[in-house]
Amino acid sequence: MGAANPIRIDLASSPPCEAFRPRFIQPAGNRAHADQASPFESERPRSGSIIAFICAAALVGFATNLSMHLLNLRMQHLGVSGFGIGLSVAIQAFGIIIAAPLTKHVISFAGVRQTLLIGALLSSVALITFAFATDLFVWNSMRLMFATGLALLFTASESLVISRADASNRGRVVAWYATALATGTAAGPLLVTVVGIQGPAPLVWSTLLFWLAAAPIVASLKRGEELAPVVRHSTFATIRFAPIAFLSAFVFGVVDNGGMSMLSVYSVMCGYDYTNAVMLAAFATIGAILLQIPLGYSANNTDPRVLLLLCAISSILLLAVLPNIMGVKPLAFGVVFGLGGFLEGLYTVGLICIAKFYRGVGISSANGCFVSMCGFGELMGPLATGASMEYLGSQGFVVGLTMTLAAYIVLIASMKPIAKIGSPMPFGGRLPARQTHPAALSE
């Protein structure tokens with residue numbers, strides 16, 4: 001969810017992470033040949049596989065948001081209370097928080113292909129079960145299982161996307177990925193209007209989407225290519241290497257699920273009818289889609305802290321303006337367009353930090369933690385924003401998000417730049433020495 005040239009570190013210029021190391025040790029006779037071939041392999045065009053991975057990740061986002069709305073509406077149709085639906089959503093979020101950091105262990109044990117297939121299997125079995133489950137305990141148990149499969153699919157596919165990004169294309173790859181993911185996520189609920197919510201058909205469609213998401217990646221990976229992490233660090237110990245990335249993921253989760261998802265509620269409180277409220281939220285989504293390309297391209301040559309501060313400060317300024325121009329709808333639509341784009345930028349730039357600074361530490365390990373921090377923020381965001389709006393009315397929406405972003409700005413500004421290899425980190429520890437041997441790369 002790049003750093004500036006003055007603080008560019010050696011890890012950033014290391015071979016692309018797609019120089020996969022074999023999961024199993026090669027015979028000594030073949031190792032020399034493999035070592036000679038590795039530099040050539042890392043130079044081969046990767047555009048085809050990158051496109052396949054990005055399309056797969058977009059499908060995961062599409063199917064995820066479709067399933068979220070579909071399951072919630074089915075629960076409402078079954079007569080489940082609002083609290084029961086909220087509890088079920090929280091259980092799914094909690095499952096992602098727990099399962100995402102564990103994805104690295106599954107990849108290490110089974111390989112990335114099998115991890116994707118396991119994720120698709122768990123998600124599809126859980127979705128089909130929803131067609132027959134009526135008991136709330138069974139429903140929530142299946143939702144936890146669904147979250148586990150979703151975490152495996154999302155973390156593995158996103159790790160593969162950013163593993164193919166090197167110093168020359170990192171900003172472009174992550175920007176296009178973020179754009180595709182935002183597009184897929186926004187389009188997910190539209191399918192509900194086509195397939196409906198009743199009967200097994202909508203669940204079958206969702207199941208097929210998850211298998212379609214896994215198929216391009218499985219087809220693009222050649223036999224022997226793996227994303228095999230070296231599991232020598234605890235998951236959350238990786239935070240110290242690039243803390244701004246994980247802080248950005250958490251804050252994005254808070255402001256996205258507690259802000260953008262509450263935007264339509266805020267607009268209704270300001271006097272909008274439901275049609276205009278939905279349209280306002282749609283403009284925020286369009287901004288989140290379109291602004292990731294320029295932000296991602298800028299990240300290659302800009303200190304990520306500067307870009308993250310730009311996104312946060314711009315968001316605060318737009319939030320300060322929003323209450324005063326809600327009566328002028330064209331201006332309000334323009335403000336939320338920029339607001340959606342800058343808030344989404346926290347995820348995009350944070351993910352670029354992961355792609356840049358975790359060459360030798362383990363991208364699937366770092367990305368699992370990144371997804372988990374984002375999920376934790378999404379779990380906390382609606383609670384904080386909802387409480388703020390409960391006590392302060394419509395202004396609570398602006399106050400809650402502004403306070404969150406202000407605290408984020410203070411923390412980001414106070415953090416030291418990423419240290420060079422071998423030097424102490426801001427939160428203790430040292431970056432590992434660069435590993436130049438291709439087979440020694442952790443991923």
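- The CG atom of L144 sits 5.0 Å away from the OG1 atom of T148 when rounded to the nearest 0.5 Å.
- Between F154 and I96, the closest side-chain pair of non-hydrogen atoms is not below 4.5 Å.
- When the shell of 6.0 Å around CH2 of W205 is examined, it contains 12 or fewer heavy atoms from other residues, nucleotides or ligands.
- Ring centers of F210 and F146: under 6.0 Å apart, within the cut-off.
- At least one donor-acceptor pair under 3.5 Å links the side chain of D135 to the backbone N or O of V138.
- Proximity of a side-chain donor or acceptor of T103 to a complementary backbone N or O of A100 within less than 3.5 Å is detected.
- Minimum heavy-atom separation, A288 to A182: O-CB, 4.2 Å.
- Annotation for R305 and I412: closest pair NH1-O, 3.6 Å, computed over non-hydrogen atoms.
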field: Step-by-step side chain to side chain contact (heavy atoms under 4.5 Å, CB included) determination, L346 to Y408
entry: CA-CA 11 Å; L346 299 179; Y408 172 74; 3.8 Å; yes
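- Here the side chains of V254 and F376 are not in contact, with every heavy-atom distance at 4.5 Å or above.
- The two residues I293 and T179 come nearest to each other via the heavy atoms CD1-OG1, 3.3 Å.
- Using a 4.5 Å cut-off on side-chain heavy atoms (C-beta onward), I409 and L309 make contact.
- How far OH of Y177 is from CD of E158: 3.0 Å, rounded to the nearest 0.5 Å.
- Residues E344 and F252 form a side-chain contact, since some pair of their non-hydrogen atoms from C-beta on lies under 4.5 Å apart.
- Atom-to-atom distance recorded for L152:CG and L117:CG is 11.0 Å, nearest 0.5 angstrom.
- The number of heavy-atom neighbours closer than 6.0 Å to CH2 of W176, taken from other residues, nucleotides and ligands shown, is 12 or below.
- Contact check for F130 versus M75: no side-chain heavy atoms found under the 4.5 Å cut-off.
- Judged by distance alone, the side chain of S108 and the main-chain N or O of K104 form no donor-acceptor pair under 3.5 Å.
- Taken from CD1 in I286 to CE in M279, the straight-line distance is 10.0 Å, to the nearest 0.5 Å.
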Step-by-step side chain to side chain contact (heavy atoms under 4.5 Å, CB included) determination, F250 to C374: CA-CA 5 Å; F250 173 76; C374 184; over 6 Å; no
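- The CG atom of L411 sits 12.5 Å away from atom CG of L308, with the distance rounded to the nearest 0.5 Å.
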Verdict with supporting geometry, L295 and C311, side chain to side chain contact (heavy atoms under 4.5 Å, CB included): CA-CA 9 Å; L295 287 174; C311 289; 4.1 Å; yes
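- Counting only distance, with no hydrogens or angles, the side chain of R143 and the backbone of G95 share no donor-acceptor pair below 3.5 Å.
- Each of I128, L122, L121 was scored for a side-chain contact (heavy atoms from CB on, under 4.5 Å) with V125, with one residue passing: L121.
- Of all the heavy atoms in N367 and T155, the pair that sits closest is ND2-O, 3.2 Å.
- Put simply, the side chain of F397 does not reach to within 4.5 Å of the side chain of V265, judged on heavy atoms.
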- request: For the pair S206 and L70, evaluate side chain to side chain contact (heavy atoms under 4.5 Å, CB included) and give the outcome as yes or no after the intermediate values.
  value: CA-CA 9 Å; S206 299; L70 178 61; 3.7 Å; yes
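- Sorted by first and then second residue, the pairs that involve residues 278-292 and meet side-chain hydrogen bond (donor to acceptor under 3.5 Å, both in side chains), not counting sequence neighbours, are Q292-T348.
- Residue F94 places its CZ atom among 12 or fewer non-hydrogen atoms of other residues, nucleotides or ligands, all under 6.0 Å distant.
- Residues V173 and I54 come closest through the heavy atom pair O-CD1, 4.0 Å.
- At distances below 3.5 Å, not a single donor-acceptor pair connects side-chain atoms of S388 with backbone N or O atoms of A384.
- Side-chain contact between P304 and C353 is present, with heavy atoms from C-beta onward closer than 4.5 Å.
- The shortest distance between side-chain heavy atoms of H105 and F109 does not fall below 4.5 Å.
- One finds the CG atom of D303 at 12.0 Å from the CG atom of L310 (value rounded to the nearest 0.5 Å).
- The nearest pair of heavy atoms linking A281 to L263 is CA-CD2, 4.0 Å.
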